[in-house]
Asker: 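The structure that follows is given in the form of structure tokens.
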Amino acid sequence: MLLLLAGLVVAAIGVVVDRWHASPPAPRYSYGPRNFGDALELAQHDVLSGMDRVARAPGDWINQEVYARGLMGRARLTGSFDDLATARAALDRGMRDAPRGAGPVLLDAVNLMSLHRQKPVPRDLDLFEGQAVPPGPADLSESIAIRGDVAFYSGRYAQAMQAYRAAEKLDAGPGAQMRIANWDRKMGRFDAALARLDRALAGPRPPTRQFTATVLLQKGLTELGRGRWDEAAALFDEAEAIFPDHWLTAAYRAQMIAAKGDLPGAERAYAAILKRSTPAMPMPEVMDALAALLRARGDVKGSRSWAARAGAIWDRRMAQLPEAAVGHAVEHELALGAPARALALARANWRARPYGDSALLLGLALRANGDPAGAVRLMQALERTGWRGAPQYVLLSEALAMLGRAEESEAARADATAINPRAFDPSASLLWFGNH
Amino acid sequence: MRWLCLLLLMLFGSAAEAHLTPNSEVRLDLGQHEAIADIIIPLGDYAAATGNPTNNSAAALAQARRYLTDHIAFRAPDGRPWTFAIDTIAFAQIQGPPDLHAVARLVPPPGAPARHLIIDWRAIIDAVPGHFALFVLGSDFGGGKLGEDRHVLGAVQGARHRLVVDRGDTSLLHGFGAAFLLGMRHIAEGHDHLLFLIALLLPAPLLASATDGRRRWTALRPWRSTLWHLAGIVSAFTIGHSLTLIGAASFDWSLPARPVEMLIALSILISAVHVLRPIFPGREAVVAGGFGLVHGLAFATIVGHFGLGAQEKALTILGFNLGIETVQLLVVAAVLPSFLLLAPTRWFGAVRVGGGVLAMVAATAWLVERWLGQANIVGALLERGFAQSLWLIAVLTVVGIIARRRMISKPAA
């Protein structure tokens, strides 16, 4: 009787706690594309419509803006640098042809940010905010938020947050929430980041499937940042269920298969994704991930083959849009190529965007090139900015060990595992997407 | 323009990310006269560096063995080489991607210290740019480190292929002291062991009798008899867990951890029921000794792999066990006054039942937790509460003193 009572007490508490943590009901999606195929079709339509408008009146800057917007929308889905470059050209033309004080300035700023060319962005935003017809609160909020982005990717994090908060005051929409979430994640404030991402979905308008999936992927990345792999995998699965067939979601899920130890399963998953690869949607990131996986399995020939294919795409992209491609090229060279080349690229990447992720890539390149002291200096400087991610402490710990500073190495190791208990898990090397 | 922001963020979503690259790792366990090196080399980097096959065929393993002996050397400070003999070698997927895993026995040349060596490591790092080998210290008995965690010694990469390890003077006392402290810490933090013991001690001042065909705790055991009874329970538990601890740690007996942990939870549950209703009155010492055997198996999993050589192993087990006994005696000394003071008062019934229910809930929570392999909120809350149990003991002692003073000042009519 007493045993039964004790069992009931434990079970009852368990039920109460489960209910407490139960997920809110799933939203209903009444508009927007249902899956990746629909979204791509829609994006193709926008591009064709823009092309048509440009063909009819190429000197009208609004047509160039519409065309550029369509291209950027498609690039968002395919990762195509060709579309980004064509959009850049269309915006250049639109900016040139627009009368003084007008033009596609806000889209131009967005495009420049996505190409990692942030220097000219404030000029665009000044123009936008100084237009004869003042922008509405939502557009002004966006403009201020982009100023925050410029500050963030320049390593001025406090200033970035100030701008994000100012933008949020004008319009507390998903754009501000997701930026603040990103800021929180990079500063190691994972719970705050997750709460912000939930707020991004809880706006007055119901979210689309595509946006919901994006937020779920961001939540998954946040969970990865603190080593909660099961939670991350569940979020990636949920993103797939809500907005199916996106190759990037599939890649995230494939890496989680690898992290669980099923390397052949992950190889099959990556190979299935790459079957969908086309010149317009080349997926070099997935090729790199597969190359790294094959290498880990000892298939040196297969690894080199995929690394060479990815390398050729990164080379082409470097020639096309160097600032946007350089970070990925560093990753490629560090993991699968030549450390010396990685270092040169990492320095260029750092010059273009001197913020935490670039610092980390440069630090890794310094360590790989036999300069652990340089890596230590860089990571210690990064720590002073408030940036808090396990990989920076992993690198610091390793570089300090190389310098024979064992006690400090241990302290950095403890810092890394405090943020992410799986920071030194050997399987973490199989996480190709979002492990930062 | 809100969509613009989303577009921007989605594009940034594919920003460049830093990846961890696999590295080699060598764990060194230092003994008085030898060392063990546990070597892990990522299989992929081994394949890239050597072009050798990576299956477990005799030929592939022979090639791997040859590669390691050609690329790794350990030397004494005077330059004489250590003996480097690979005991086991295999390609295996233990955790994460597959590795080349080797365990080597290292013996210094005659007269050379076993805790001062120079490592000359060229495996993989001479062929794969950017690859590094991290060296960590597992156990160092003479240095007072048992190996419950690891310490970084240093790392080698590229042209930096030498690492000097100098662990200074050695003393067996350091290892013994570390084992003693580990035993103390383990029992102090292992609330389940102590809860089992306390649950057995709780009804010790009472005698059971049967009324209406049901056994109940009814009468008070004489003071002197109570002390003997308590000593018997504690001694039986000590003998029980010492037997299996010594046996399992010395002879590498091993049982899967989960059934052992579940049996421990069950032992608490049975003791908790006994607190509420006497189910084995007068045979508490036998039960303590019997379940003590199970608790000893759990202790052995902590120290079983510490120490290289019979002398170090024996000192580890002895130190660990003494540490356990010390804390156990301290706990008994702490709870005993409150039990003896409260036993004749009307408060003791409430304390006994409250303690029994608490132990029962804790045992059930741990049983569920260990069965499912997943922590539950009840177990977590109780663990947090048990960490504050010294306060509870203090309160019980004060209540005991007050209650006894009242009894003395108001004798029964």
Asker: Check each atom of B/Asp45 against the heavy atoms of chain A and say whether the ones under 4.5 Å are side chain, backbone, both or neither.
Answerer: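 Its backbone and side chain both get close to chain A.
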Asker: Given that the side chain runs from C-beta out, which part of A/Ala259 has a heavy atom under 4.5 Å from chain B: side chain, backbone, both or neither?
Answerer: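 For A/Ala259, no heavy atom lies under 4.5 Å from chain B.
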Asker: Counting heavy-atom pairs under 4.5 Å to chain B, which of A/Ser409, A/Ala342, A/Ala340, A/Ala401 comes out on top?
Answerer: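 Among the listed options, the one with the most contacts to chain B is A/Ala401.
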Asker: Please check: side-chain N/O of B/Gln157 versus main-chain N/O of A/Arg367, any donor-acceptor pairing under 3.5 Å?
Answerer: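 Looks like yes, one N/O pair under 3.5 Å.
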Asker: Tell me, side chain or backbone of A/Ala296 under 4.5 Å from chain B's heavy atoms, or both, or neither?
Answerer: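 Both parts, heavy atoms under 4.5 Å.
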Asker: Which label fits B/Tyr46 and B/Phe91: parallel for a plane angle under 30°, tilted from 30 to 60°, or perpendicular past 60°?
Answerer: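 Answer is tilted, since the angle falls between 30° and 60°.
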Asker: Give, as side chain, backbone, both or neither, the part of A/Arg405 having an atom under 4.5 angstrom from any heavy atom of chain B.
Answerer: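 The answer is neither part of A/Arg405.
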Asker: Counting C-beta onward and ignoring hydrogens, is there a side-chain heavy-atom pair between A/Leu345 and A/His332 closer than 4.5 Å?
Answerer: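 The answer is no, as the side chains (C-beta and beyond) never meet within the 4.5 Å cut-off.
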Asker: So for A/Arg295, is it side chain, backbone, both, or neither that comes closer than 4.5 Å to the heavy atoms of chain B?
Answerer: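 Both the backbone and the side chain of A/Arg295 come within 4.5 Å of chain B.
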Asker: Do A/Gln392 side-chain atoms and A/Leu360 backbone N/O form a donor-acceptor pair below 3.5 Å?
Answerer: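 Not at all, since once roles are kept as given, no pair shorter than 3.5 Å links the two residues.
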Asker: Evaluate the ring planes of A/Tyr153 and A/Tyr355, with Trp represented by its six-membered ring, and classify them as parallel (under 30°), tilted (30 to 60°) or perpendicular (over 60°).
Answerer: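 Correct class here is perpendicular.
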Asker: With chain B, which of A/Ser143, A/Ala324, A/Pro372, A/Ala329 has the greatest number of heavy-atom pairs at distances under 4.5 Å?
Answerer: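 Option with the top pair count is A/Pro372.
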Asker: Give a yes or no on whether a salt bridge exists between B/Asp192 and B/Arg370, defined as a side-chain N under 4.0 angstrom from a carboxylate O.
Answerer: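 Salt bridge between B/Asp192 and B/Arg370, a charged N being under 4.0 Å from a carboxylate O: yes.
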Asker: Measure distances from B/Val128 to the heavy atoms of chain A and classify the residue's part below 4.5 Å as side chain, backbone, both or neither.
Answerer: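 Contact with chain A: side chain only.
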Asker: What part of B/Pro42 is in contact with chain A, defined as an atom under 4.5 angstrom from a non-hydrogen atom: side chain, backbone, both or neither?
Answerer: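 Neither part.
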Asker: Any donor-acceptor pair under 3.5 Å linking the side chain of B/Gln93 with the backbone of B/Gly96?
Answerer: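 Side chain of B/Gln93 to backbone of B/Gly96: a pair is present.
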